[in-house]
Colleague: 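One structure coming up, written as structure tokens, with questions to follow.
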Amino acid sequence: MQDLRAFSAQERYFLVQAAYGKAMLHAHGLERLLGTLLICRATFSLECKTTLDFRITKVKRLPLGKLIEEFVEAFSPGEELIEELGNLLFFRNELAHRVSDIIIDATTQSNWEEDVVKELEDIHSYFVDFKPLLQPYLNTFQAKVGVTEVQMLELIRKVYPGAAGGG
């Protein structure tokens, strides 16, 4: 990471905000990916359109903790993945509910922005590195129901209007 002392105080604070936004965006991406897996499973499992529409609406409103619970119930991942999901929930909650405390605590130190940016970048990396661990569940599901990548992307675009490539 670059030494932030070369930047003005305003630029350093902007970098803190950018690092926070990037980490939170990827935390939200995990929510979207878990929701997408659950919605895809429901789409190809439920026959009644009304039930499916209700299920999609319900899944899209679930908080991350509940999405993780439903994912674990639906896909029965191994203990390591369950533990990683718990860690990601912790980090997402830190971002959503305690980021101000993290920043306020850090401001008592010199070069606090650099420490906060590094911590936020570490959290961001954790979310990015985890995402490929869910790909086998999507691949297995696609193979099981015979859905092509194009069909999956069409479904994702219907569920998340405006999504370029989904999740």
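The chain is numbered in sequence order, starting from 1.
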Colleague: Only pairs at least two apart or in different chains count here, so list each ring pair (Phe, Tyr, Trp, His ring centres under 6.0 Å) that has a residue in residues 79-117.
Modeller: Phe91-Tyr126
Colleague: Restricting to side chain to side chain donor-acceptor pair (under 3.5 Å), what partner residues turn up for Lys60, sequence neighbours left out?
Modeller: none
Colleague: Apply side chain to side chain donor-acceptor pair (under 3.5 Å) to Asp129 and list each qualifying residue two or more places apart in sequence or on a separate chain.
Modeller: none
Colleague: Could you pull out all residues at least two apart from Asp105 that satisfy side chain to side chain donor-acceptor pair (under 3.5 Å)?
Modeller: none
Colleague: Looking at Pro77 and Ile82, what are the two nearest heavy atoms and their distance?
Modeller: O-CD1, 3.6 Å
Colleague: Can you list, pair by pair, the side-chain donor-acceptor contacts under 3.5 Å of residues 65-75, counting residues two or more places apart and other chains?
Modeller:
from	atom 1	to	atom 2	distance (Å)
Glu70	OE1	Arg55	NH1	3.0
Glu70	OE1	Arg55	NH2	2.5
Glu70	OE2	Lys58	NZ	3.3

Colleague: I'd like to check Leu81 versus Leu134 (side-chain heavy atoms, cut-off strictly below 4.5 Å). Are they in contact?
Modeller: yes
Colleague: With sequence neighbours left out, which residue pairs that include part of residues 16-29 fulfil the side chain to side chain donor-acceptor pair (under 3.5 Å) condition?
Modeller: His26-His124
Colleague: Once ring pair (Phe, Tyr, Trp, His ring centres under 6.0 Å) is applied, do any residues pair with Phe127, and if so which ones, sequence neighbours excluded?
Modeller: none
Colleague: Flag the pair Val117 / Glu114 as yes when at least one side-chain heavy-atom distance between them is below 4.5 Å, and no otherwise.
Modeller: no
Colleague: Taking C-beta and beyond as the side chain, do Thr36 and Leu138 meet within less than 4.5 Å on heavy atoms?
Modeller: no
Colleague: Identify, with sequence neighbours excluded, every residue that meets side chain to side chain donor-acceptor pair (under 3.5 Å) alongside Ser76.
Modeller: none
Colleague: Specify the closest pair of heavy atoms between Ile102 and Val116, including all atoms of both residues, with the distance to one decimal.
Modeller: O-CG2, 4.5 Å
Colleague: Of all residues at least two apart in sequence or in a different chain, which pass the salt bridge (charged side-chain N to carboxylate O under 4.0 Å, His left out) check with Glu31?
Modeller: Arg92
Colleague: In this structure, would Val128 and Ile123 fall into the same cluster of hydrophobic residues linked by side-chain contacts under 4.5 Å?
Modeller: no
